[in-house]
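Here the structure is laid out as structure tokens; the discussion comes afterwards.
Positions are given from 1, in the same order as the sequence printed here.
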Amino acid sequence: MREARAEDARTEARRLIRDLLGEERPDAAVLLREAGTVLGADRVERCVELARGAPLTRRSTELAALAGLLVGTRELGEEWWRRERGGKLPAPDEVLRTSTAIDPWTDLTVLEMLAAWIADDVADGAWGRPFAVTDLNSWQAEDRVELPEDATPGQRIVVSFDAGGRLDAVVLRRPDDELGSNLDFDSLRYSRPAEAQWSWGVAAGLGPHLLDEDPDPYGEPVDARAAEILHAWALRHGASAQQAGEVWKVRGDVVAAIERVDWMWRSAEWFAWWRGVAALVDGEPKQLAARLEEIADAA
């Protein structure tokens, strides 16, 4: 069942990517080529520089953000990058150049921040600026947002819940004659840049994603003992020999194996394995030692 759900997600992601970018199984080369024609060579080179600087286990996330920026720029035009907003909001070009942190996205990387920004701008253009923000970690529908003073029964109010994500709150009259609202979860939608960001990340997977580097970071050797332990753990806990692959020698071997085993769709104990292999790939010896100890204790 879990494997079927993982494949369903990839199928939907490939469909969206085909609709948005014209490619069903995208890779970094395809993305950079398309982005260069829309964003321009200088911006793409800076984006690549930022992606190269990210841990290898985060590279796909950075490239997914670039996919969102590509689609968003198609929607809003290249001038979106040059437009100054006043106050504390510089032009996106300035943010890209200087890695300026922008509220409310200061917990994101530069590329993720810009992707969130353009996803929201496209959503605002399509559905209007949201009147309120809500958290969909709770699926309670009733009275989640404060209503405008001029609200009337039957009115739909646009609510934001994520970057580029919107849904409607429907105003209604309660039995006590007070006005309230219910979130209409059937109205949930994402702007096209947000869809592109999610779908590229799923369709392209963790990698390896080569970015014309010498030396190739995916070719760097990994700790042989730790690799053997984590490889054997995966086989003992349900990964097939084909999914785990041969014994891992370099970082690229590990990244490819992580992608094949679909660890997110497995039991909760695989989260410790993921943290271990991520530390192995990203060269974090203290984290790796702690995760190996955690795995040994749980075995």
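- Separation of atoms CG (L89) and CD (E94) is listed at 12.5 Å; rounding is to 0.5 Å.
- No side-chain donor-acceptor contact under 3.5 Å links S240 and Q242.
- Residue D135 places its CG atom among more than 12 non-hydrogen atoms of other residues, nucleotides or ligands, all under 6.0 Å distant.
- Within the 4.5 Å cutoff, the side chain of E62 has no heavy atoms near those of the L66 side chain.
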Hey, mind stepping through S99 and R46 against side chain to side chain donor-acceptor pair (under 3.5 Å) and telling me if it holds? CA-CA 10 Å; S99 299; R46 173 59 177 155; 2.9 Å; yes

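- A donor-acceptor pair is defined here as one N or O able to donate and one able to accept, closer than 3.5 Å; no such pair exists between the side chain of H237 and the backbone of R266.
- Counting heavy atoms from C-beta outward, R74 and E34 have side chains that approach closer than 4.5 Å.
- Checked by atom type and distance alone, the side chain of E259 pairs as donor or acceptor with a backbone atom of L206 at under 3.5 Å.
- Side chain of Q155 to backbone of T152: a donor-acceptor contact under 3.5 angstrom is found.
- Contact annotation: the side chain of Y218 never approaches that of D253 to less than 4.5 Å [non-hydrogen atoms, C-beta and beyond].
- Exactly one residue among L114, T109, L96 makes a side chain to side chain contact (heavy atoms under 4.5 Å, CB included) with L50. That residue is L96.
- By the 6.0 Å contact criterion, CD on E84 is open, its count of non-hydrogen atoms from other residues, nucleotides or ligands being 12 or less.
- A pairwise comparison of heavy atoms in V255 and P208 identifies CG1-N, 3.8 Å as the closest pair.
- Using a distance-only test at 3.5 Å, with no hydrogens or angles considered, no donor-acceptor pair links the side chain of D120 to the main chain of A163.
- Ring geometry for W274 versus W263: interplanar angle under 30°, hence parallel rather than tilted (30 to 60°).
- For the pair E178 and R173, the minimum side-chain heavy-atom distance is 4.5 Å or more.
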Verify side-chain contact (heavy atoms from CB on, under 4.5 Å) between S181 and L172, making sure each step is shown before the conclusion. CA-CA 6 Å; S181 67; L172 44 80; 5.9 Å; no

Anything under 3.5 Å between a donor and an acceptor, one on a side chain of residues 123-132, the other on a protein residue two or more places apart or in another chain? List them.
residue : atom : partner : partner atom : Å
D124    : OD1  : R166    : NH2          : 3.0
D124    : OD2  : R129    : NH1          : 3.4

Can you list the steps and then say if S60 with H209 is a side-chain contact (heavy atoms from CB on, under 4.5 Å)? CA-CA 7 Å; S60 63; H209 296 298; 3.8 Å; yes

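- No side-chain donor-acceptor contact under 3.5 Å links T106 to the backbone of D103.
- Here the straight-line distance linking atom CG of L69 with atom SG of C47 works out to 6.0 Å at 0.5 Å rounding.
- Residue R189 is tested with D184, D168, D162 for a salt bridge (charged side-chain N to carboxylate O under 4.0 Å, His left out); the sole match is D168.
- Taking the side chain as every heavy atom from C-beta outward, L39 and W81 approach each other to under 4.5 Å.
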Under the criterion side-chain contact (heavy atoms from CB on, under 4.5 Å), I'd like the reasoning laid out for I157 against V171: C-alpha separation, chi angles, the key distance, then a yes or no. CA-CA 8 Å; I157 298 170; V171 180; 3.6 Å; yes

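- In terms of heavy atoms, Q197 sits closest to A115 at OE1-CB, 3.5 Å.
- Across all their heavy atoms, G68 and I118 have their closest contact at O-CG2, 3.9 Å.
- Listed here is the closest heavy atom pair of P153 and L179: CG-CD2, 3.7 Å.
- No salt bridge links E293 with K286; every basic N to acidic carboxylate O contact stays at or beyond 4.0 Å.
- Considering CG of D42 and CD of E45, their distance stands at 8.5 Å, rounded to 0.5 Å.
- Using a 4.5 Å heavy-atom threshold, the side chains of V254 and R251 count as separate.
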Check against side chain to side chain donor-acceptor pair (under 3.5 Å), R291 and Q287: CA-CA 6 Å; R291 299 292 71 82; Q287 177 81 289; 2.3 Å; yes

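- Contact record, T57 with A278: CG2-CA, 3.9 Å, taken as the closest heavy-atom pair.
- Aromatic ring centroids of F185 and F161 lie 6.0 Å or more apart.
- A side-chain donor-acceptor contact under 3.5 Å links W273 to the backbone of L230.
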Verdict with reasoning, L32 to L211, per side-chain contact (heavy atoms from CB on, under 4.5 Å): CA-CA 9 Å; L32 297 182; L211 294 178; 3.9 Å; yes

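- At most 12 non-hydrogen atoms from other residues, nucleotides or ligands lie less than 6.0 angstrom from CD of E146.
- Put simply, the side chain of P55 does not reach to within 4.5 Å of the side chain of V281, judged on heavy atoms.
- Between Q243 and G238, the shortest heavy-atom contact is OE1-O, 4.3 Å.
- For the pair D223/P285, no side-chain contact is recorded, criterion being any heavy-atom separation below 4.5 Å from C-beta on.
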